[in-house]
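Every number for a ligand or one of its atoms is a count from 1 in the order of the listing.
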Amino acid sequence: MRRAGQVVREVLELVRSQVKPGATTLDLEKTAEARLAELGVKAAFKGYHGYPCVLCTSVNSEVVHGIPSPKRVLKEGDIVSLDFGAVVDGYFGDAAITVPVGEKIDPETARLLKVTEASLSAAIEVVRPGATLGDVGFAVQKVVEAEGFSVVRDFVGHGIGVHMHEDPQVPNFGVAGRGMKLRTGMVIAIEPMVNAGKSDVVVLGDGWTAVTADGSMSAHFEHSVAVTATGARILTE
Ligand code: MF3
Ligand code: CO
């Protein structure tokens with residue numbers, strides 16, 4: 001799973017380097033697809049419940065599962081979430097980052113990115129044998145809500161292993177001490193989705209793209225994380 005995670009990280013960093021004003025989200029898809037082909041590695045998302053691409057590209061108020069398109073031209077001040085998964089020898093890796101397009105993003109949007117990434121770090125911090133899923137969700141929620149943003153509740157993180165989505169579900173909200181206990185050897189994908197405005201999301205007519213109901217900006221960061229005797233090991237860093 002570490003090897004799958006390393007491929008995911010390499011491709012995400014390559015795609016990040018191609019994010020610039022004037023690039024289309026399909027350009028990003030092609031970059032990811034070409035690198036996967038060179039590595040001889042299989043994409044995790046393409047064909048999953050009919051999803052058409054290897055990458056999800058969710059721009060501004062798109063929360064998750066945006067489909068790369070030649071019509072979606074990135075512009076200065078946008079943010080784009082890049083979500084990517086790969087399969088190596090039957091084991092899955094899954095991660096996401098949200099990155100600014102160009103040099104000048106709105107300070108409030110920059111804060112959204114920082115807080116969302118910090119909420120993922122806080123969740124990873126609590127991962128150890130005996131910690132609960134409620135501890136993980138609470139860690140995300142505390143960071144996000146203290147900053148006046150809201151946690152998306154309609155999508156959650158997940159166990160990951162020989163399938164992309166395995167039990168348990170890993171919500172980004174919760175009550176400390178509640179829920180299933182983590183044990184050594186479990187691997188979970190923790191993936192806070194955070195809205196600048198309200199938490200409600202709507203799925204567009206393409207059946208995939210989730211957007212904020214109030215049109216506010218949304219950010220998404222994800223790591224696949226193994227539970228070890230001494231704490232978390234991030235497989236996608
Ligand atoms: N990281 C996302 C998830 O865990 C990616 C899935 S996109 C899909 O749900 F297209 F494959 F569904
Ligand atoms: Co995931």
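Judged by the shortest distance from any of its heavy atoms, K46 lies outside the 4.0 Å radius around the atoms of ligand 1. Heavy atoms of F155 come nearer than 4.0 angstrom to ligand 1 in no pair at all.
Close approach of ligand 1 to H65 is summarised as follows: ligand atoms under 4.0 Å from at least one heavy atom of the residue are 6 (C), 7 (S), 9 (O). Short contacts between ligand 1 and E222, defined as distances under 4.0 Å to a heavy atom of the residue, involve ligand atoms 1 (N). Those atoms of ligand 1 that come under 4.0 Å of a heavy atom in C56, given as number and element, are 7 (S). Taking every heavy atom of H165 and a limit of under 4.0 angstrom, the matching atoms of ligand 1 come to 3 (C), 4 (O), 9 (O).
The shortest N/O to N/O separation between D94 and ligand 1 falls below 3.5 Å. Of the N or O atoms in H158, one or more lie within a sub-3.5 Å distance of an N or O in ligand 1.
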Next on the checklist: V201 vs F155, test: side chain to side chain contact (heavy atoms under 4.5 Å, CB included). Steps then yes/no.
Outcome noted: CA-CA 9 Å; V201 304; F155 296 96; 3.9 Å; yes
Next on the checklist: For a side chain to side chain contact (heavy atoms under 4.5 Å, CB included) check, start with the C-alpha distance between L82 and T57, then their side-chain angles and the critical distance, and finish with the verdict.
Outcome noted: CA-CA 5 Å; L82 309 168; T57 51; 4.2 Å; yes
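Seen from the ring of Y91, R3 does not count as a face-on cation partner, given the 6.0 Å and 45° thresholds.
The residues E33 and K46 are annotated as salt-bridged, a charged nitrogen and a carboxylate oxygen being separated by less than 4.0 angstrom.
The angle that D94 OD2 and E222 OE2 make at the Co ion (ligand 2), rounded to 10°, works out to 80°.
Among protein heavy atoms, atom 10 (F) of ligand 1 sits closest to Y51 CG, 3.0 Å. Atom 5 (C) of ligand 1 has F45 CZ, 3.2 Å as its closest protein atom, hydrogens excluded (heavy atom only). Closest to atom 2 (C) of ligand 1 among all protein heavy atoms lies D83 OD2, 3.1 Å.
Shortest distance from the Co ion (ligand 2) to E191 is reached at OE2 (N/O/S atoms only).
In this structure, V59 and E62 have side chains that are in contact, with non-hydrogen atoms separated by less than 4.5 Å. By the 4.5 Å heavy-atom criterion applied to side chains, M217 and D106 are not counted as neighbours.
Between Y51 and F45, the angle of the ring planes goes over 60°, which puts this pair in the perpendicular group of the 30/60° scheme.
Remark: R233 CZ is loosely packed, at most 12 non-hydrogen atoms of other residues, nucleotides or ligands lying under 6.0 Å away. When the shell of 6.0 Å around CD of E103 is examined, it contains 12 or fewer heavy atoms from other residues, nucleotides or ligands.
The Co ion (ligand 2) has no N, O or S atom of H165 inside 2.8 Å of it.
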